[in-house]
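Fair warning: this is a prediction, and the values are worked out from it, not measured in the lab. In the text below, chain A, chain B and the rest are named by the order of the sequence lines, each starting its count at 1.
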Protein chains: 2
Amino acid sequence: MKITAKGEYGVRAMAMLAQDFRAGPIPLREIADREGISYQFLEQIFLPLRRAGLITSVRGAKGGYALAHPPEKIKVGDIVRILEGPIAPVDCVAEGNESSCKRKSICLTRGIWEKLRDTMSEVLDEITLADVAMMSHKTNKEGS
Amino acid sequence: MKITAKGEYGVRAMAMLAQDFRAGPIPLREIADREGISYQFLEQIFLPLRRAGLITSVRGAKGGYALAHPPEKIKVGDIVRILEGPIAPVDCVAEGNESSCKRKSICLTRGIWEKLRDTMSEVLDEITLADVAMMSHKTNKEGS
DNA sequence: ATAAATCCGACTAAATAGATCGGAATAGCT
DNA sequence: AGCTATTCCGATCTATTTAGTCGGATTTAT
């Protein structure tokens, strides 16, 4: 029930871009170093994010990446869906895949996974990068 | 963001036991056949469920498995935790593992995963096997 | 021209998932 | 007592996925 490193790194990197929004493109090397992520692995993560239109890139010297939209327009769910595929605890209830399961009409457990999928989607779609970037102001909010 | 076949099969098998609660122990062979699951794989799933005290077993001829408690006392979350490990979208916020992450105090994204973890736990803990077994009465609830 | 950067397909090692195998132990039935 | 149904359980196996690396082409500011 875990997301992969790809998804986790992707969200972290996007959060960084959100903090530096409007500061010009940030080179991948810097993001990788600051977050302690393999540069070449991060390259693989940014490729689909760009193709999906979540980030823009500037090639050549002084180039780098920036969010394609203001942070409040980008939902964590958007990022996760691109890097991890459709949100679903089991394949047979994957978003967009609704009608495929042969056992659908007799499956006792389908309802569980649909509910779980919907709740997961809701949570991830109601958090934007603006929310995430703001977290830096209220670190340690609940005194552990 | 998926659970494994182990978790999915486990919940399905437990749902069957819930439907036949108080009908005497059911042999694994029958569950495997009815659900179309590999018998030997299902054996591996029932072992930890028994050790955790969710089911009881009767050995020998006429033996089999039964729920150790009434269906309304067993939460789907209990089953998932045993078969999949602690509920958590990322390891660093795993239930019971709370204090281990070194980046905890500076991590912008930790809040996302904590929220997601809590919501997932809530959903899975508020559904009991009694709820699941009842699904057989209201199949196709929303006329798609 | 050079250096800084993105772009991108291919490869690899390790871990995980999903079984399967082989047999021991236990209990009901005749 | 012997046969059969069943749980118990460690070991092994194969395919896929994951996480990361490699090598190089392309673009652009200076």
Side-chain angles (χ1 to χ4, degrees), chain A residues 1-13 17 20 23-68 80 82-86 89-92, chain B residues 1-13 17 24-68 80 82-86 89-92:
Chain A
M1 203 71 114
K2 305 265 193 314
I3 65 165
T4 66
K6 220 158 131 177
E8 198 207 323
Y9 293 167
V11 175
R12 268 165 61 187
L17 293 186
D20 291 8
I26 304 177
L28 210 49
R29 179 101 260 157
E30 190 186 326
I31 303 177
D33 289 348
R34 273 166 58 181
E35 289 290 322
I37 298 171
S38 149
Y39 166 70
Q40 296 185 119
F41 190 31
L42 204 53
E43 268 191 326
Q44 283 193 26
I45 294 170
F46 271 53
L47 204 57
L49 289 176
R50 178 180 56 80
R51 286 177 176 155
L54 263 60
I55 53 179
T56 56
S57 62
V58 179
R59 301 184 69 170
K62 299 278 178 181
Y65 293 92
L67 296 187
V80 170
I82 286 156
L83 297 175
E84 302 279 323
V90 295
D91 278 322
C92 58
Chain B
M1 203 71 110
K2 306 265 192 313
I3 64 165
T4 66
K6 221 157 130 177
E8 198 207 323
Y9 293 167
V11 174
R12 267 165 62 187
L17 292 186
I26 304 178
L28 210 49
R29 178 101 261 157
E30 190 186 326
I31 303 177
D33 289 349
R34 274 167 57 182
E35 289 290 323
I37 298 170
S38 150
Y39 166 70
Q40 296 185 119
F41 191 31
L42 204 54
E43 268 192 325
Q44 283 193 28
I45 294 169
F46 270 54
L47 205 58
L49 290 176
R50 178 179 57 78
R51 286 179 175 152
L54 263 60
I55 53 178
T56 56
S57 62
V58 179
R59 300 184 68 169
K62 298 277 176 181
Y65 292 92
L67 296 186
V80 170
I82 286 156
L83 297 175
E84 302 278 322
V90 295
D91 279 322
C92 57

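Atom pair B/D91:CG and C/dA15:P shows a separation of 14 Å (rounding to whole Å applied). Rounded to an integer number of Å, the gap from CG of B/L28 to C1' of C/dA27 is 17 Å. Summarising the geometry, the separation between NZ on B/K62 and P on D/dT7 is reported as 13 Å, rounded to the nearest angstrom. A straight line from OH of A/Y39 to C1' of D/dC22 spans 13 Å, rounded to a whole angstrom. Counting to the nearest Å, the P atom of D/dC9 and the CD1 atom of B/I45 are 16 Å from each other. The distance between atom CD1 of B/I37 and atom P of C/dA19, rounded to the nearest whole Å, is 9 Å. Between A/M1 atom CE and C/dA17 atom C1' the separation is 16 Å, expressed in whole Å. The interatomic distance linking A/K2 (NZ) with C/dA17 (C1') rounds to 14 Å, in whole Å.
The two residues A/A13 and A/L42 make their nearest non-hydrogen contact at CB-CD1, 4.3 Å. Of all the heavy atoms in B/Y39 and B/A32, the pair that sits closest is CA-CB, 3.8 Å. In terms of heavy-atom proximity, B/K6 sits nearest to B/L83 at O-CD1, 3.5 Å.
Applying the ring pair (Phe, Tyr, Trp, His ring centres under 6.0 Å) rule to pairs touching residues 48-67 of chain A yields A/F46-A/Y65, sequence neighbours excluded.
Considering only residues two or more places apart in sequence or on other chains, B/V90 meets the side-chain contact (heavy atoms from CB on, under 4.5 Å) condition with A/I3, A/E8, B/C92, B/V93, B/W113. With sequence neighbours left out, the side chain to side chain donor-acceptor pair (under 3.5 Å) criterion links B/R34 to B/E30. Not counting sequence neighbours, the partners of A/A52 by the side-chain contact (heavy atoms from CB on, under 4.5 Å) test are A/L54, A/I82.
One finds the CD atom of B/E43 at 13.0 Å from the CD1 atom of B/I37 (value rounded to the nearest 0.5 Å). Annotation: the span from B/E84 atom CD to A/M1 atom CE amounts to 6.5 Å, rounded to 0.5 Å.
Taking the side chain of A/A5 as heavy atoms from C-beta on, and the options C/dA19, D/dT7, D/dA19, the nearest nucleotide is D/dA19. With D/dT18, C/dA17, D/dG20 as the choices, the nucleotide that has an atom nearest any side-chain atom of B/T4 turns out to be C/dA17. The side chain of A/Y65 approaches C/dC7 more closely than any other nucleotide in the set C/dA5, C/dC7, C/dG18.
Comparing A/A61 and A/F46 by the nucleotide of DNA chain C whose heavy atom lies nearest to each, the residue mapping closer to the 5' end is A/A61.
Taking 4.0 angstrom as the limit, B/Y9 places none of its side-chain polar atoms (N or O) nearer than this to OP1 or OP2 of C/dG18. Residue B/S38 has a polar side-chain atom (N or O) positioned under 4.0 Å from OP1 or OP2 of C/dT20. Within the 4.0 Å cut-off from OP1 or OP2 of C/dC7, at least one side-chain nitrogen or oxygen of A/S57 is found.
No donor-acceptor pair under 3.5 Å is formed between the side chain of A/R50 and the backbone N or O of A/S57.
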Review item, nucleotides 8-10 of chain C N/O atoms under 3.5 Å of protein N/O:
unit_1	atom_1	unit_2	atom_2	d
C/dC8	OP2	A/R50	NH2	2.8
C/dC8	OP2	A/R51	NH2	3.0
C/dC8	O5'	A/R51	NH2	3.4
C/dC8	N4	A/E43	OE1	3.1
C/dA10	N6	A/Q44	NE2	3.4

* How is the base pairing of DNA chain D summarised as a dot-bracket string, given the Watson-Crick and G-U wobble criteria with both distances under 3.5 Å, [ ] for crossing and | for another strand? -> ||||||||||||||||||||||||||||||
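A donor N or O paired with an acceptor N or O is not found under 3.5 Å between the base of C/dT26 and the side-chain atoms of B/R59.
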